Q: 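Below is one structure. I have some questions about it.
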Amino acid sequence: MQQAREWIKNASKIAVLTGAGISAESGVPTFRGDQGLWKQYKPEELATPEAFLRDPRLVWEWYDWRRHSIAKALPNPGHKALVELECQKRYFTLITQNVDGLHDRAGSGRILKLHGDIWRLRCLDCRADWPDRRVPLPKLPPHCRCGGMARPGVVWFGEPLPDGMWMEAEHAAAAAEVLLVIGTSAVVYPAASLVTLARAAKARIIEINIEETPISGEVDCSLRGPSGEILPKLVA
Ligand code: BJW
Ligand code: ZN
């Protein structure tokens, strides 16, 4: 912990990669693990473009339910510690796999949302993209002004990440002196490859997770525990 604090204190360029675990203490379920969403729901039935085309209403019911539970959640001390860190550093990039919007609500500035945003909708016909925070949505599936069907503004398996965002994330990871990897199982690509990229560029890598992950063996420091407790201590 002391060593990690020193690395963070002395670095001017920091990149952070977060995953579902950072929102776990806000009451938002993670995907994998015993309490994870994928225990109850199969990814290929809900989080792929094929699943959506097969049964848009079913997929929308799942997202509407998740929007409902996320709307009640509040940012936790882990999200807030990252806002504090952003204020301290000249070069700071927050890269998240999360779609829940809790980093925004905590007050983080620029956020690279690799997997999109559950609070945005996108038209399948005209490609319009707009925010919609209504919970529940009045009609499922929701529609665009043009009459086309809308989909959640998230990235499903097999889909590319939002235009340009991946390049920015790669650039930040390669330029960082320290990469913090928080609350992610690090099994979803290309997000997980940022760790390898930062490592090749000689960044110090600090992992915060309650469990061991596939990257635990290749990081410089693996802090085992809840991010809502560890991050405030690391940043203070
Ligand atoms: C705590 C904690 C606490 C708990 N404190 N910690 C290379 C190799 C192999 C496969 C691929 C590859 N490249 C691409 C692929 C395919 C695929 C992929 O990665 N598959 C693997 C799973 C096998 N990737 C893709 O398809 C991606 N697209 C792509 O590559 O496109 C290429 C392309 C280019 C051009 C044209 C076409 C295509 C897209 C991936 C999209 C992922 N989408 C999801 C759903 C988002 C929408 C939604 O929310 O519904 O994103 S899947 C899901 O997993 C979600 C998450 O962001 C993502 C990662 O999960 P995360 O955040 O790591 O959560 P968990 O639950 O796994 O882990 C939580 C962790 O927290 C655990 O470790 C806990 O221990 C910990 N924790 N409490 C600290 N309090
Ligand atoms: Zn439209």
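Worth saying up front: this structure is predicted, and the values here are computed from it rather than measured. For ligands, and for the atoms within them, numbers begin at 1 and follow the listed sequence. Each residue takes its place number in the sequence, starting with 1.
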Q: Do Arg66 and Trp62 meet the cation-pi criteria used here (NZ or CZ under 6.0 Å from the six-membered ring centre, within 45° of the axis)?
A: yes
Q: Quick one: name the residues clustered hydrophobically with Ile210, using the 4.5 Å side-chain heavy-atom rule over I, L, V, M, F, W, Y, and just say none if it's on its own.
A: none
Q: Apart from Val178 itself, what residues make up its hydrophobic cluster when side-chain heavy atoms of I, L, V, M, F, W and Y under 4.5 Å apart count as a link, directly or indirectly?
A: Met1, Trp7, Ile8, Ile14, Val16, Ile22, Leu82, Leu85, Phe92, Leu94, Ile111, Leu180, Ile182, Ile206, Ile208, Leu223, Ile230, Leu231, Leu234, Val235
Q: Would you call Arg204 and Glu6 a salt bridge, using N to O less than 4.0 angstrom?
A: no
Q: Just to be sure I understand the cut-off, which residues have at least one non-hydrogen atom under 4.0 angstrom from an atom of ligand 1?
A: Gly19, Ala20, Gly21, Ala24, Glu25, Thr30, Phe31, Arg32, Trp62, Tyr63, Arg66, Gln97, Val99, His115, Val154, Val155, Trp156, Phe157, Gly158, Glu159, Pro160, Gly183, Thr184, Ser185, Val187, Val188, Tyr189, Pro190, Asn209, Ile210, Glu211, Gly225, Pro226, Ser227
Q: Is there a path from Met149 to Ile118 through hydrophobic residues (I, L, V, M, F, W, Y) whose side chains come within less than 4.5 Å of each other?
A: yes
Q: Mind counting the protein N, O or S atoms sitting less than 2.8 Å from the Zn ion (ligand 2)?
A: 4
Q: With the threshold set at 4.0 Å, does a side-chain nitrogen-carboxylate oxygen contact exist between Arg151 and Glu159?
A: yes
Q: Which value, rounded to the nearest 0.5 Å, describes the distance between Arg134 atom CZ and Asp64 atom CG?
A: 10.0 Å
Q: Indicate the ring-plane relationship of Trp60 and Phe52, choosing parallel, tilted or perpendicular according to the 30° and 60° boundaries.
A: perpendicular
Q: State whether the number of non-hydrogen atoms from other residues, nucleotides or ligands found under 6.0 Å of Gln35 atom CD is greater than 12.
A: no
